[in-house]
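Input: a single structure, listed below in structure tokens.
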Number of protein chains: 2
Amino acid sequence: MTDGATARAVTMHDHGLCIRTALEAAEAATRKSGVNFTPVRRRALEILLESHVALGAYDLLKRLDADGFGGQPPVAYRALEFLVKHGFAHRVERLNAFVACVRPNEPGHEPGFIICRGCRAVAETDASGAPLEADAAEIGFAVERTVMEVEGLCPACRKAAP
Amino acid sequence: MTDGATARAVTMHDHGLCIRTALEAAEAATRKSGVNFTPVRRRALEILLESHVALGAYDLLKRLDADGFGGQPPVAYRALEFLVKHGFAHRVERLNAFVACVRPNEPGHEPGFIICRGCRAVAETDASGAPLEADAAEIGFAVERTVMEVEGLCPACRKAAP
DNA sequence: CTATCACATGTTATTTTATAACATCCACGC
DNA sequence: GCGTGGATGTTATAAAATAACATGTGATAG
């Protein structure tokens, strides 16, 4: 994977702080709600947080296995289910993959993703206010989930692969 | 599958005409561009057109096989690839499934989908003007594909399953 | 005419993604 | 203690997608 600009746009920050913030938010939220932020769940989040890149369940699984958490698919899927359910990570439909949430302190937000097919970096933005939701409301449709993703090339990958 | 309201909202029309229009559009477009609208491709489109419901590749494959077009996955995936490439069908990311396009005469449009998880009906709308695209443009990101889907319950399925 | 090329299809195998199902373990409340 | 619920361990399988290579067919340049 190249270090494209989408990645850089997002990594052009104190990423260590980024990780600490997200982990602390997760700790605080789980302490508060009493849910069990177990080692494998924490480690899964840490792995996702290492970069703003989408990780497949099996990629995550490899990492977890290397860390001694077991190598069977349910290990990864259970951890991911937990993280997504509590808003610490998001599923990127276009990639069948997962990214750590960069806004763990805004529960209930509607994430949108800008996905570089070159470097697989994923920038999270806000998807609220999608015209589709208004369309849905008009016909009495109850929206439960919004998927909003754009895929393309970040500036760096554009230059790299013309 | 129940006959939910999303489906009805969309099927409350002369569906026979709907099918004929789409098929004629496909025939016209392929004649014009010289691409080969072969029997299996045509049949795949007909099957997708039978309802405004998303069909998995393997569901489609079963139907094609029953019609004598062969039962191997590539049969379905190749037909779908053709249909999607030429804008006669769309892929619904959220479902890993496919629907016939209801606007085959508007090449290059950006489809958005309203998906009922009760009846699996899919209403196609317009996804252009998504805020995400502006966000992307701002950081010099070249958008190649926009995915915009909302999932929930249509009015009928809401009543049916409270 | 026939060699060749592009495209479509046939066929086998494999990869990638995801879940089902059931056993075990352990902390907690009573 | 002992039952209950959540978490984990484990085996198996389902579902979605593609790789790779063989074969057929129709247009056309030589």
Side-chain angles (χ1 to χ4, degrees), chain A residues 26 29-31 33-45 48 53-86 88-99 115 117 120 147 149 151, chain B residues 26 30-31 33-45 47-48 54-86 88-99 115 117 120 145 147 149 151:
Chain A
T30 51
R31 244 193 326 268
S33 67
V35 306
N36 207 347
F37 195 35
T38 61
V40 62
R41 291 167 175 178
R42 185 190 163 97
R43 185 67 193 126
L45 180 54
L48 289 183
V53 159
L55 227 50
Y58 283 78
D59 296 328
L60 175 66
L61 180 57
K62 258 185 225 117
R63 300 285 312 273
L64 290 175
D65 195 16
D67 292 348
F69 290 103
Q72 279 63 48
V75 169
Y77 282 102
R78 283 168 180 162
L80 287 167
E81 183 186 28
F82 174 89
L83 296 176
V84 169
K85 178 177 168 191
H86 291 89
F88 307 142
H90 302 295
R91 180 182 167 84
V92 182
E93 296 295 337
R94 178 65 185 124
L95 300 176
N96 294 145
F98 302 81
V99 283
I115 306 161
R117 67 170 166 78
R120 208 176 157 98
V147 175
E149 301 170 0
E151 188 183 23
Chain B
T30 51
R31 241 192 329 266
S33 66
V35 306
N36 207 346
F37 195 35
T38 60
V40 63
R41 291 168 176 178
R42 187 193 162 95
R43 185 65 194 127
L45 180 54
I47 290 168
L48 289 182
L55 228 51
Y58 284 77
D59 296 329
L60 175 66
L61 180 57
K62 260 186 222 117
R63 300 285 313 273
L64 289 175
D65 195 16
D67 292 349
F69 290 103
Q72 279 62 49
V75 169
Y77 282 102
R78 283 166 179 166
L80 287 166
E81 183 187 27
F82 174 89
L83 296 175
V84 169
K85 179 177 168 191
H86 291 88
F88 306 142
H90 301 296
R91 179 182 167 85
V92 182
E93 295 295 337
R94 179 64 186 125
L95 301 176
N96 294 145
F98 301 82
V99 283
I115 306 162
R117 68 169 166 80
R120 206 174 157 101
R145 170 134 192 254
V147 175
E149 301 170 0
E151 188 182 24

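Per chain, numbering begins at 1; letters A, B, ... match sequence-line order. For clarity, every value in this text was computed on a predicted model and none was experimentally measured.
- Taking the side chain as every heavy atom from C-beta outward, A:E93 and B:V147 never approach each other to under 4.5 Å.
- Distances shown here put a side-chain N or O of A:R41 below 4.0 Å from the OP1 or OP2 atom of D:dA7.
- Contacts of residues 70-77 of chain A with DNA chain D (heavy atom under 4.0 Å): A:Q72, A:P74.
- Side chain of A:R120 to main chain of A:A54: a donor-acceptor pair is present (N/O by atom type, distance under 3.5 Å, no hydrogens or angles).
- Rounding to whole angstrom units, CZ of residue B:R43 and P of C:dT9 are separated by 15 Å.
- For the pair A:E149 and A:R94, the salt-bridge criterion is not met [side-chain N within less than 4.0 Å of a carboxylate O].
- As a whole-Å value, the separation of B:R94 CZ from D:dA16 C1' is 15 Å.
- Atom CG of A:N36 and atom P of D:dT8 are 7 Å apart (whole Å).
- B:E93 places its CD atom 13 Å from the C1' atom of D:dA17, with the value rounded to the nearest Å.
- Put simply, the side chain of B:Y58 reaches to within 4.5 Å of the side chain of B:Y77, judged on heavy atoms.
- The residue among B:P39 and A:F98 whose nearest nucleotide of DNA chain C lies closer to the 5′ end is B:P39.
- The phosphate of D:dA15 (OP1 or OP2) has no side-chain N or O of B:N96 nearer than 4.0 angstrom.
- Two residues, A:T38 and B:Y58, neighbour DNA chain D, and the one matched to the more 5' nucleotide by heavy-atom proximity is A:T38.
- Put simply, the side chain of B:F88 reaches to within 4.5 Å of the side chain of B:T30, judged on heavy atoms.
- Listed candidates were C:dA18, D:dT8, C:dT9. Nearest to the side chain of B:V40 is C:dT9.
- Panel note: side chain B:R41, backbone B:N36; a donor-acceptor pair is recorded below 3.5 Å.
- A straight line from CG of B:L83 to C1' of C:dA8 spans 14 Å, rounded to a whole angstrom.
- For B:R78, the side-chain atoms get nearest to C:dG10 when compared with the rest of D:dA17, D:dT8, C:dG10.
- One can place CG of B:L64 at 11 Å from P of C:dG10, the figure rounded to the nearest angstrom.
- Rounded to whole Å, the distance from CG on B:L61 to P on D:dT18 is 14 Å.
- In this entry the distance linking CG of B:L55 with P of D:dA15 reads 15 Å, nearest Å.
- The minimum heavy-atom distance linking B:A79 with B:V40 is given by the pair CB-O, 4.4 Å.
- Taking the nucleotide of DNA chain C with the nearest heavy atom to each of B:F69 and A:L95, the more 5' of the two is matched to B:F69.
- Taking only side-chain nitrogens and oxygens, B:R91 comes nearer than 4.0 Å to OP1 or OP2 of D:dA17.
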